[in-house]
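To find a chain, count down the sequence lines: A is the first, B the second, and so on, and within it residues start at 1.
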Amino acid sequence: MPELPEVETVRRGLLPVLEGHHIVSAKTRRGNLRIPFPPRFAERLKGRTVQHLRRRAKYLVADLDSGESLIVHLGMSGRMTIYRKGKVFMPGEFEQDTIAAEEGHGLHDHVIFETDAPARIVFTDHRRFGLMTLLKTDELDADKLFKDIGPEPLGNAFSEPVLSAALKGKKTSIKAALLDQRVVAGLGNIYVCEALFRAHISPKRKASTIAGKRAEVLVPAIKRVLGDAIEAGGSTLRDYAKTDGSLGYFQHRFSVYDREGEPCPAKGCKGTIKRLVQAGRSTFFCPACQK
DNA sequence: ACCAGCTCCTGCTTGC
DNA sequence: TGCAAGCAGGAGCTGG
């Protein structure tokens, strides 16, 4: 799935067709994703204005003028695709006046929104690990989906003392700890590997030993890798695409992820990237320069 | 309370 | 070429 940079890229792609716009209609094409849709889901969205489209951890949050918020999680394979009327193509191509009727009716196209942008927004998720629900906007923070989520890594609230405190006494590996959304929000397998590489910290190191000096290195490493990835439009491996169907390209800048057997890219390091399995997930790292 | 392991689902890649 | 096993970016739940 989309990790924080991919969700943020999707949010930015959706802004022009969602924020400040009316939802003309919403349609679900099955009864559930990872969880069932809430009662009267489509009716509660119809005619509403999206006042703000924001992101919390890996969730997209669309605040509506009804006092409710539409919550979207892309899971492992969720995408949002925008089809727009009057899209201008490159010279030599035609200008599209209508959205093809079949857009949004693929096997795994589960939710279709029409907005007055005008645009059709299609949520596609072949693995259905994603979710979509509606919550009262002023009760979001107390909801079980959000109440235990840690600080946003790109905000000022994520700092060396905060990370140190969150890791204090943790016996698990730093790799597993950073995947825990209660410690810090929005990191997934790829960016944890990349951040630990940049910080020269071994993924096998016990989490509690990071507090202090190592956390001073790790916090900026996390911020930089996420910032760089957002700037690159996210990473595309298998299932992620931007809202216009194009691909992110940060994957070409991975230092260790999915690079088992390749030479370590760190300056002066003669190590080789290794793969190991932690908590059932692949970890990629350089044993020579990550200690 | 914490932590490792399992599970949901489908599709792509890999290896025999 | 065909087929089955293995693997995938998340995260909630179970049981030790």
Whole-Å distance separating the [atom1] atom of [X] from the [atom2] atom of [N]:
| X | N | atom1 | atom2 | value |
| --- | --- | --- | --- | --- |
| A:Arg79 | B:dC9 | CZ | P | 21 Å |
| A:Ile35 | C:dA11 | CD1 | C1' | 12 Å |
| A:Leu74 | B:dC9 | CG | P | 19 Å |
| A:Arg127 | B:dC8 | CZ | P | 13 Å |
| A:Arg128 | C:dA8 | CZ | C1' | 17 Å |
| A:Leu60 | C:dG10 | CG | P | 15 Å |
| A:Asn32 | B:dC9 | CG | P | 9 Å |
| A:Ile149 | C:dG10 | CD1 | P | 13 Å |

**Item:** Phosphate OP1/OP2 of C:dG10 contacted by A:Arg281 side-chain N/O (<4.0 Å)
**Value:**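 Yes, A:Arg281 has a side-chain N/O under 4.0 Å of OP1/OP2 on C:dG10.
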
Nearest-nucleotide pick for [X], side chain only, options being [options]:
| X | options | value |
| --- | --- | --- |
| A:Tyr59 | B:dC3, C:dG12, B:dG11 | C:dG12 |
| A:Arg275 | C:dG10, C:dC7, B:dA4 | C:dC7 |
| A:Ser282 | B:dC3, C:dA8, C:dG10 | C:dA8 |
| A:Gln181 | B:dG11, B:dA4, C:dA11 | C:dA11 |
| A:His73 | C:dG10, B:dT10, C:dA8 | C:dG10 |

**Request:** Name the orientation class of the two ring planes belonging to A:Phe250 and A:Tyr191 (parallel below 30°, tilted from 30 to 60°, perpendicular beyond 60°).
**Result:**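 Geometry flag for A:Tyr191 against A:Phe250: tilted rings.
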
**Prompt:** Closest heavy-atom contact between A:Pro16 and A:His21?
**Reply:**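 Heavy atoms of A:Pro16 and A:His21 come nearest at O-NE2, 3.1 Å.
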
**Asked** Is A:Ser208 reaching over with its side chain to a backbone N or O of A:Lys171, donor-acceptor style, under 3.5 angstrom?
**Response**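 Checking the backbone N and O of A:Lys171 against the side chain of A:Ser208, no donor-acceptor pair under 3.5 Å is found.
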
**Request:** Starting from the 5' end of DNA chain C, give me the residue, A:Leu145 or A:Ser235, whose nearest nucleotide shows up first.
**Result:**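 Result: A:Ser235.
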
**Request:** Taking the side chain as every heavy atom from C-beta outward, state whether A:Val192 and A:Phe197 have any atom pair closer than 4.5 Å.
**Result:**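 SC-SC contact between A:Val192 and A:Phe197 ruled out.
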
**Request:** Flag as yes if A:Phe129 stacks onto the base of C:dG10 (centroids under 5.5 Å, planes under 30°), otherwise no.
**Result:**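 Stack criterion met.
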
**Request:** Determine, for A:Phe129 and A:Arg127, whether the Lys NZ or Arg CZ falls below 6.0 Å from the six-membered ring centre while staying within 45 degrees of the axis.
**Result:**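 Geometry flag: set, cation within 6.0 Å and 45°.
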
**Request:** Select from A:His108 and A:Ala279 the residue whose nearest nucleotide in DNA chain B is closer to the 5' end of that strand.
**Result:**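 With A:His108 and A:Ala279 compared, the 5'-side residue is A:Ala279.
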
Looking at every strand, decide which applies to [X] at a 4.0 Å heavy-atom threshold: base, sugar-phosphate, or nothing.
| X | result |
| --- | --- |
| A:Arg182 | nothing |
| A:Tyr257 | sugar-phosphate |
| A:Gly188 | sugar-phosphate |

**Message:** In whole Å, measure the gap between the P atoms of C:dT1 and B:dG11 for me.
**Reply:**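 So the two P atoms sit 23 Å from each other.
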
**Prompt:** Between C:dG6 and B:dC6, how far is it from one P atom to the other, in whole Å?
**Reply:**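 Pairwise P distance, C:dG6 against B:dC6, rounds to 14 Å.
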
**Prompt:** So which nucleotide does C:dA11 pair with, by the Watson-Crick or G-U wobble rule with both distances under 3.5 Å?
**Reply:**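 When the pairing criteria are applied, B:dT7 turns out to be the nucleotide that pairs with C:dA11.
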
**Prompt:** Do A:Tyr59 and A:Phe146 have their ring centres less than 6.0 Å from each other?
**Reply:**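 Yes, they do, as the ring centres are separated by less than 6.0 Å.
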
